[in-house]
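In this text, all values refer to a predicted model and were calculated from it rather than measured experimentally.
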Amino acid sequence: MADLAGFTRFARTCHPGEIIFAEYEPGDSFYLIQAGKVKITKIVGDTEKTLDILQPPEIFGEMAILEGAPRSATAQAIDTVKVLEFNRANFEVLMMGNPQIALRLLKLFTKRIWDQKRRFMILTLDDPQAKIADVFLMLDETNAAVRGGELEGEKREFRVTMDDVAHWAGMSPAEAQTLIGHFANQRRLELFPDKIVVKNINDFIRFVNSRRKK
Amino acid sequence: MPKVGNYRANSVIYFQGDVVSDKVFVLQQGKVSLNYTDIETAKEIREIIQTGEFFGVKSALGKYPREENAVVLSDAQVLVFSVPEFEVFAQAQTRIIMKMLKVFSNQLRRVHKQVDNLLEKNEAQSPEAGLFKAGEYYLKARQYSQAKYVFGRYLTYYPAGRLAEQASRYLEAAESGSVKYGDGRGPAPLMVEATRQGQSSRDSSMSRDSSMSRDGSMSRDDPVRDDEPAASSVRAAPGEGLSDAAKSYYDAVSLFSSEKYKEALAGFKRIVEAKADAEYVPKALFEMGRCLFMLQQFELTIKHFTQMIQTYPKHPDLIDTLFYLGQAYEKKGDADRAKGFYKKILSMEPDEDASIRIKAAKAQRRLEEAGRG
């Protein structure tokens with residue numbers, strides 16, 4: 001753990017249940033967890049969906065570098081949480097003094113850049129059916145990177161909902177549902193309450209490639 | 001310890017799509033080019049690496065497939081770091097990380113904006129409505145302290161927002177709920193009481209049950225009518241961390257998003273005239289132009305943006321500005337001038353802002369087709 005003794009003035013303690021920031025709030029700071037657990041949630045329809053639970057020494061809210069951009073999710077303390085609060089004013093000082101944190105942030109940025117680039121590629125497809133297929137290719141690539149290699153076979157399981165797919169494809173849930181339904185009718189996809197199964201990932205790769213601009 | 005790697009001309013250090021991407025490289029001598037296909041234009045891009053420059057960093061640290069072919073143009077010597085070796089090295093050289101952080105955060109900002117521009121804006125919830133909805137969720141769930149936080153924030157950012165009056169009522173309800181019952185407790189139809197105060201007297205005769213279902217449907221739509229006066233006595237939470245200019249900026253943004261362009265224009269104008277904040281003045285200038293455009297004052301839009309570009313030739317929203325100029329000329333019926341702006345956009349750095357380029361190309365095509373037809 002980095003030596004953060006000199007940075008106590010940027011420390012903040014949050015009570016259990018306290019919101020650190022809420023989704024849609026404009027944000028200009030990001031946080032390093034020093035103690036406790038933080039829940040990242042989003043309100044989808046009438047339920048609060050937990051996206052992630054973070055603990056030391058994880059960083060959250062790093063998208064605040066997109067000045068003025070609204071927060072994409074809510075961060076809430078689960079127990080008593082201690083965080084260091086970074087903003088543009090103290091950023092350089094904190095980073096220069098804590099290379100480990102700087103490196104961790106660097107890694108987060110690389111991940112986010114890839115996420116966004118990949119998302120951009122999905123959105124530039126003209127064919128909505130191909131957008132849906134490409135969302136699954138993206139999810140598969142992310143999984144492959146985490147695993148550190150290719151998977152055997154052609155079948156893939158994804159623990160996602162139709163709403164997640166709609167979000168990534170930049171379309172309404174209703175539209176995504178229709179398009180996912182087409183795939184299911186063609187037996188290229190199977191739908192389960194907790195997952196979506198792609199029968200043949202290579203079929204999706206060929207399909208998306210055929211729809212990409214030459 | 002990093003190893004020295006020697007590569008012959010025409011060999012490839014790594015290929016695009018390589019899943020195992022666990023090495024970071026520094027070019028020591030020779031010539032290496034990163035070749036890749038631009039995601040938007042499908043053009044082949046060649047990026048020559050300078051001596052002493054790192055490459056392969058993003059895919060190695062982010063653990064994703066290589067995004068380009070690293071082709072050796074003339075015999076090259078490179079230092080090869082494993083990721084752990086790179087981490088040790090970089091931590092001893094924080095300036096290197098800082099430099100990369102700056103480069104990466106700029107890339108992130110750019111690609112984020114490209115994505116945003118491609119998304120159908122009308123499908124995305126406005127931040128104002130989204131924040132309000134989050135507060136509503138917590139109040140309904142009787143999570144009073146969370147509701148208090150969210151409505152407090154809402155009133156800080158949007159004191160004159162469309163939902164401000166409702167938000168301050170809900171804030172009060174959350175406060176009294178938290179005092180009277182405590183988090184997670186209290187009567188369920190709490191939202192009804194909060195809403196009811198704002199409804200006309202004929203509604204008060206409705207039964208509790210029917211007004212509850214009514215409330216449920218209202219929360220999804222727009223609980224406050226446009227013609228309602230803005231909240232007069234808003235008890236906004238202190239806007240910690242936000243400068244005055246930032247606050248006025250967000251106020252005006254919220255007016256813009258509720259389509260009150262005249263009021264928004266006046267708000268942005270005040271920020272520009274106060275000249276107090278170097279960051280928000282150019283931002284506000286850009287927004288003023290957008291207001292004028294929305295008000296269909298195309299003549300004024302053109303004049304305003306032209307002046308803005310002269311003052312801020314490197315304005316961060318330059319490419320959007322050019323697009324608005326094109327649109328304004330188009331609205332005025334001056335297709336030739338409009339085409340000129342679209343052409344200009346398409347001639348700019350390809351990676352500057354891809355989505356506006358797509359829009360400009362579409363607009364250009366449309367004008368050309370109209371010209372023929």
Could you look at Y138(B) and say if it's the side chain, the backbone, both or neither that has a heavy atom under 4.5 Å from chain A?
-> side chain
Shortest non-hydrogen pair, L103(A) vs Q91(B), comes out as CD2-NE2, 3.2 Å
With the threshold set at 4.0 Å, does a side-chain nitrogen-carboxylate oxygen contact exist between K133(B) and E23(A)?
-> no
Looking at NZ of K117(A) and CD of Q107(B), how far apart are the two atoms once the value is rounded to the nearest 0.5 Å?
-> 6.0 Å
Given a strict heavy-atom distance threshold of 4.5 Å, which part of E92(A) is in contact with chain B: side chain, backbone, both, or neither?
-> both
Taking C-beta and beyond as the side chain, do R95(B) and M96(A) meet within less than 4.5 Å on heavy atoms?
-> yes
What do you reckon, is NZ of K42(A) surrounded by more than 12 foreign heavy atoms closer than 6.0 Å?
-> yes
F104(B) versus chain A, heavy atoms under 4.5 Å apart: side chain, backbone, both or neither?
-> both
Considering only heavy atoms from C-beta outward, does the side chain of E48(A) approach that of Q146(B) to under 4.5 Å?
-> no
Side chains of E25(A) and Y149(B): is there a donor and an acceptor less than 3.5 Å apart?
-> yes
Counting only heavy atoms closer than 4.5 Å, note whether S72(A) contacts chain B via side chain, backbone, both or neither.
-> neither
Provide the closest heavy-atom pair for Y158(B) versus Y24(A) in the form atom of the first, atom of the second, distance.
-> OH-O, 4.4 Å
Is the shortest heavy-atom distance from the side chain of R153(B) to the side chain of F21(A) under 4.5 Å?
-> no
Q116(A) versus V111(B), closest heavy-atom pair with distance | CB-CG1, 3.5 Å
Of the listed residues (L106(A), I122(A), L123(A)), which shares the most heavy-atom pairs with chain B below a 4.5 Å separation?
-> L106(A)
Partners passing side-chain contact (heavy atoms from CB on, under 4.5 Å) against A102(A) (at least two apart in sequence or in another chain) = M95(A), I97(B), L101(B)
Measure M100(B) against the heavy atoms of chain A and call it side chain, backbone, both or neither at under 4.5 Å.
-> both
Quick one: OG on S59(B) to CD1 on I113(A), what's the gap to the nearest 0.5 Å?
-> 11.5 Å
Go through the atoms of K102(B) and report whether side chain, backbone, both or neither lie under 4.5 Å from a heavy atom of chain A.
-> side chain
F109(A) side chain reached by L61(B) side chain, heavy atoms, under 4.5 Å | no
Is it the side chain or the backbone of I19(A) that comes within 4.5 Å of chain B heavy atoms, both, or neither?
-> both
Would you mind checking which part of F91(A) comes under 4.5 Å of any heavy atom in chain B, side chain (CB onward), backbone (N, CA, C, O), both or neither?
-> side chain
Pick one of side chain, backbone, both or neither for T47(A), based on which atoms fall under 4.5 Å of a heavy atom in chain B.
-> backbone
V150(B) versus chain A, heavy atoms under 4.5 Å apart: side chain, backbone, both or neither?
-> side chain
By a 4.5 Å heavy-atom criterion (distance strictly below it), what part of Q93(B) contacts chain A: side chain, backbone, both, or neither?
-> neither
Distance from E87(B) atom CD to R104(A) atom CZ, nearest 0.5 Å?
-> 10.0 Å
CZ/R212(A) to OG1/T37(B) distance, rounded to the nearest 0.5 angstrom?
-> 11.0 Å
